[in-house]
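Below: the structure, in structure tokens.
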Amino acid sequence: MLIRRPHDVPPSEITPKSVFAQRRHFLQFAAGGALSLALPAAHAGDKLPIAARSPLSTDEEPTPYRHIAGYNNFVEFGNGKEVPAERAHRLRTAPWSVTLDGLVHKPRTLAIEDILKLAPLEDRVYRLRCVEGWSMVVPWVGFSLSALLKQVEPLSSARYVAFESVVQPDTQPGVRFPLLDWPYTEGLRLDEAMHPLTLAAVGLYGEVMPNQNGAPIRLIVPWKYGFKSAKSIVRIRFTDHEPPTTWNNLQPEEYGFYANVNPEVSHPRWSQARERRIGDFLKRPTRMFNGYADQVGQLYAGLDLHKYY
Ligand code: MTE
């Protein structure tokens, strides 16, 4: 993706992998849902209590863990696909809470431990298509975001939801530079946010989320380009207007608000007709709505997808 200014983080910020291995952060968990296996403490790599494999999962072969957790975009840690895995161990993921406010009856700030009790955790194997032209198959762990959004009882005037990622200048070297406008912000229409496919993800491969993938809780919207899926969320705000979003603010003609995966609408600088699945040699055709057209196509009935890209 195009970054406005080419500054990056000084090499002195790079932490050797040996240090990374010794300094994993700890996340207090109270496991919720049907299995209720109470984990006193959990950290990246710990097993999560999973109630079921979601029928919304794809049968495609998941991308190896080392790629999913080693090839990332998380600009708060700097530019470069390997940078988040090298630096994200510093992120403080405990204590953690998410504030839900704006056009709601009951604004609340919920601790991650309480969020994890809202719904049983499921394995959800989804395709992830990045706007840059690569894709993966990721076995996320999480629950439908709607279970969280319902907690605050949205007002009938609420039509959109804005998601804000954490800003920790002492742990995220990238936020000390104007690489993007901070905090990283994304948005969805409320009906998109409430759709059963839209996931609040807390792990992958059956384990607590690695920090570089957006611990302790992130958004996953599998029919949209990856940049919509904000990581390490601290705030969810309900509004009556389309919220400003980071990539759309930066380059509106390149990154639309909708960002639905669409092989027929090219990015101004490259075609979106094909994608390279990480680990494959040959490219494959990109599918409309990333292959989720049967589930989400009706959300966009009557909308000109060339205009609302
Ligand atoms: N969220 C935040 N806060 N910061 C980011 O830089 N990058 C986005 C998205 N969410 C990003 C983010 C982009 S461009 C992609 S493709 C996905 O995260 C990558 O998710 P992954 O690293 O888990 O594959």
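This is a predicted model, so every value here is computed, not measured. Computed from heavy atoms alone, side chains included, the values below leave out hydrogens, waters and symmetry copies. Whatever order the structure lists ligands and atoms in, that order sets their numbers, starting from 1.
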Subject >> Approximate separation, where rounding is to 0.5 Å, of E253 CD and H267 NE2 >> reply: 8.5 Å

Return yes or no for this condition: an N or O of [X] is under 3.5 Å from an N or O of ligand 1.
{"X": "S229", "value": "yes"}
{"X": "Q212", "value": "no"}
{"X": "W247", "value": "no"}
{"X": "W140", "value": "no"}
{"X": "R218", "value": "yes"}

**OP:** Specify whether F77 and F74 have parallel, tilted or perpendicular ring planes, treating 30° as the upper limit for parallel and 60° as the lower limit for perpendicular.
**Re:** perpendicular

Original post:
With under 30° as parallel and over 60° as perpendicular, where do the rings of W247 and Y255 fit, or are they tilted in between?
Top reply: perpendicular

**OP:** List every atom of ligand 1 that sits less than 4.0 Å from any heavy atom of V75, numbering the atoms from 1 in the order shown and giving each element.
**Re:** 5 (C), 6 (O)

Original post:
Pick from V138, L199, V221, N290: which one makes a side-chain contact (heavy atoms from CB on, under 4.5 Å) with Y126?
Top reply: L199

Original post:
Which pairs pass side-chain hydrogen bond (donor to acceptor under 3.5 Å, both in side chains) with one or both residues in residues 158-174, sequence neighbours excluded?
Top reply: R92-D170, Q168-T171

**OP:** Measure the distances from the heavy atoms of K228 to every atom of ligand 1 and state whether one is below 4.0 angstrom.
**Re:** no

